[in-house]
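Letters go in sequence order (proteins before strands), and every chain restarts at 1.
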Amino acid sequence: MFGAIYERISRHFESWGGQATIAIVGATGTGKSVLAENIAERFDCGILSADSMQVYRFMDIGTAKVPIEERRVPYFGIDLVSPDEPYSAARYQEYAQNVLKEEHKSNRPVLVCGGTGLYIRAALDEFSFSPGTCVDNATRIRYEQLAAERGPAALHAQLAEKDPASAAAIHPHNVRRVVRALELLDNGSNYATQSAQMRNYQVREEVLYIGLMASREHLYHRLDLRVDNMMTAGLLDEVSWLLDQGYRAALTSMQAIGYKEFFPVLDGCAPIEEAISKIKYATHRYAKRQETWFKRDDRIEWFNL
RNA sequence: GGUCGGGUAGCUCAGUUGGUAGAGCAGAGGACUGAAAAUCCUCGUGCCGGCGGUUCAAGUCCGUCUCCGACCA
């Protein structure tokens, strides 16, 4: 199986050389990192991580970062910010596109590897996030309060009045997205127009997409084992250390799987076993969502494990 | 051996005064352009432990057997 992937990738390197980009995608636990490391070493190129949680420093075990001592090639996209710094797909896009530009300028191919679908697209697709300044936090909080006070339906109705197309595209219960659409309006943009671009998968010949997948049964088993291994590697200590440093539970970074589940344990109101099984279940669902995301991208060439 | 609980969806359990069952979790499918490991949508027929009985009708009442738990000997 690896042989087939190596062959496919070699061919791509031969045609594009230092301008080649190879994306290795798929659900968590399918072995993307190991494959990427092997290929990057063999073809002498760097790895750009496309992972919304590996960007945070100090969150090492739970986000399954490749340990520094095991890295044999340059890595990008890891440890970019501290856990209390707001990060976003837009910020990642700017960063990633810059890495790609710089590497290609030096005639080095790049391996993009990750499971955050939106980040993969932000890095490799020709689309831009809403122009202009980023919406300030106050606006967001205002809309969230509105939803809390008058209910999600009322907020959605407000959106429907101002922007029927976007309202139609977002389920009324999806407060987060309704809020975002309202923010965009305030900012002179439009959710529906933007998201329409998302369905446009442009083919760039220099980019090769390799997708890794495994049967659910097999994958879930592997993921469960990985969680157990994270525990022996000291995941609980990592979480408790982060909290000790003052990184509070409400932070986006702390919503990561393998972190938020331990808060009740550290507060002493839940047994550790409960957290572990919650982490396993959450990981299963996450893997499923990742598959759903990547499945519809027909540029991806799939390899079954 | 006896008394009392309890055996209902893969798991934990609800089930009103008898009218052939429903939640959470798990699981499956899907959406998704500035939080994306987030957020959101859809999907629940299962010998209601077995067998008899009462009744027009039993998960629901009665008898009996069986299994699990607690307690008493």
Side-chain angles (χ1 to χ4, degrees), chain A residues 27-29 49-56 59 62-65 81 83-96 114-137 139-141 143-144 147 152 156 166 168-184 186-187 189-201 215-217 219-220 223-224 226-227 230 250-261 274 277-297:
Chain A
T28 182
S49 159
D51 186 302
S52 66
M53 290 299 157
Q54 290 191 354
V55 300
Y56 296 110
M59 297 173 60
T63 65
K65 285 176 195 164
V81 295
D84 56 354
E85 202 174 319
Y87 203 76
S88 71
R91 273 189 77 177
Y92 177 78
Q93 180 173 55
E94 194 186 344
Y95 170 84
T116 305
L118 183 61
Y119 281 27
I120 293 277
R121 297 208 62 187
L124 301 175
D125 281 332
E126 288 300 325
F127 75 84
S128 53
F129 289 95
S130 144
T133 53
C134 187
V135 178
D136 62 303
N137 220 26
T139 312
R140 179 167 294 184
I141 288 166
Y143 285 126
E144 278 169 353
H156 189 262
S166 296
I170 305 171
H171 188 97
H173 291 176
N174 200 343
V175 175
R176 181 168 290 202
R177 205 125 320 124
V178 174
V179 168
R180 180 63 196 145
L182 285 163
E183 284 177 0
L184 285 171
D186 291 349
N187 206 29
S189 287
N190 182 280
Y191 178 90
T193 317
Q194 282 199 150
S195 77
Q197 292 176 49
M198 202 65 172
R199 265 156 263 144
N200 187 19
Y201 295 90
S215 76
R216 278 292 160 73
E217 196 186 17
L219 183 62
Y220 285 2
L223 291 171
D224 290 349
R226 196 176 67 169
V227 173
M230 284 175 177
L251 292 168
T252 298
S253 57
M254 291 308 203
Q255 300 314 302
I257 296 167
Y259 294 82
K260 60 172 176 286
E261 292 83 359
E274 192 179 299
S277 61
K278 273 187 184 167
I279 291 168
K280 288 177 179 173
Y281 293 142
T283 310
H284 296 179
R285 275 182 273 112
Y286 173 48
K288 196 151 64 72
R289 269 179 279 130
Q290 288 176 302
E291 278 185 7
T292 303
W293 178 283
F294 291 121
K295 228 184 259 177
R296 65 174 172 175
D297 188 338

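Across B:rC13 and B:rA9, the matching C1' atoms stand 11 Å from one another, rounded to whole Å. Across the P atoms, B:rU42 and B:rC25 are found 13 Å apart, a figure rounded to whole Å. A gap of 13 Å separates the P atoms of B:rG7 and B:rG50, to the nearest Å.
With a cut-off of 3.5 Å on both pairing distances, the Watson-Crick or G-U wobble partner of B:rA28 is B:rU42. Pairing of B:rC71, defined by two Watson-Crick or G-U wobble distances under 3.5 Å, is identified with B:rG2. Pairing for B:rA57 is absent, judged as Watson-Crick or G-U wobble with the two contacts each under 3.5 Å. With both pairing distances under 3.5 Å, B:rA23 is matched to B:rU12 as a Watson-Crick or G-U wobble pair. Figure legend. B:rG63 is base-paired to B:rC51; pairs are counted as Watson-Crick or G-U wobble with both atom distances under 3.5 Å. Nucleotide B:rA37 is matched to nothing when pairs are restricted to Watson-Crick or G-U wobble geometry with both distances under 3.5 angstrom.
Within the nucleic acid shown, A:Y281 comes within 4.0 Å of sugar-phosphate atoms alone, with no base atom in reach, counting heavy atoms only. Residue contacts for A:R289: at a heavy-atom cut-off of 4.0 Å it reaches a base atom on one of the strands shown. Within 4.0 Å of A:Q194, counting heavy atoms only, lies at least one base atom of the nucleic acid. Using a 4.0 Å heavy-atom cutoff across all strands shown, A:S128 reaches at least one base atom of the nucleic acid. A:R285 comes within 4.0 angstrom of the backbone, heavy atoms only, and of no base. A:K295 comes within 4.0 angstrom of the backbone, heavy atoms only, and of no base. Using a 4.0 Å heavy-atom criterion, one finds that A:Y119 contacts the sugar-phosphate atoms exclusively. Across all strands shown, A:G62 has heavy atoms under 4.0 Å from base atoms, whether or not it also approaches the sugar-phosphate. At the heavy-atom level, A:Y92 lies nowhere under 4.0 Å from the strands shown. Counting non-hydrogen atoms under 4.0 angstrom, A:T63 reaches a base of the nucleic acid.
Proximity note for A:Q197 (side chain, C-beta onward) versus B:rA26, B:rU33, B:rC41: the nearest is B:rU33. The side chain of A:I257 has B:rA38 as its nearest neighbour among B:rG30, B:rA38, B:rA35.
Between A:T116 and B:rA36 there is no side-chain polar atom (N or O) within less than 4.0 angstrom of OP1 or OP2.
The base of B:rA35 is paired with the side chain of A:E144 by a donor and an acceptor separated by under 3.5 Å. In terms of polar N and O atoms assigned as donor or acceptor, the side chain of A:K288 comes within less than 3.5 Å of the base of B:rG29 in a complementary pairing. The base of B:rA31 does not come close enough to the side chain of A:N174 for any donor and acceptor atom to sit less than 3.5 Å apart.
Side-chain atoms of A:R140 do not come within 3.5 Å of backbone N or O of A:E183 as any donor-acceptor pair. The backbone N or O of A:G115 sits less than 3.5 Å from a side-chain atom of A:Q290, completing a donor-acceptor pair.
In this structure, A:R177 places its CZ atom 12 Å from P of B:rA38, rounding to the nearest Å.
Between A:Y92 and A:Y95, the ring planes lie tilted relative to each other; the angle falls in the 30° to 60° range.
A cation-pi arrangement is absent between A:R180 and A:Y143 under the rule of less than 6.0 angstrom and at most 45 degrees off the ring axis.
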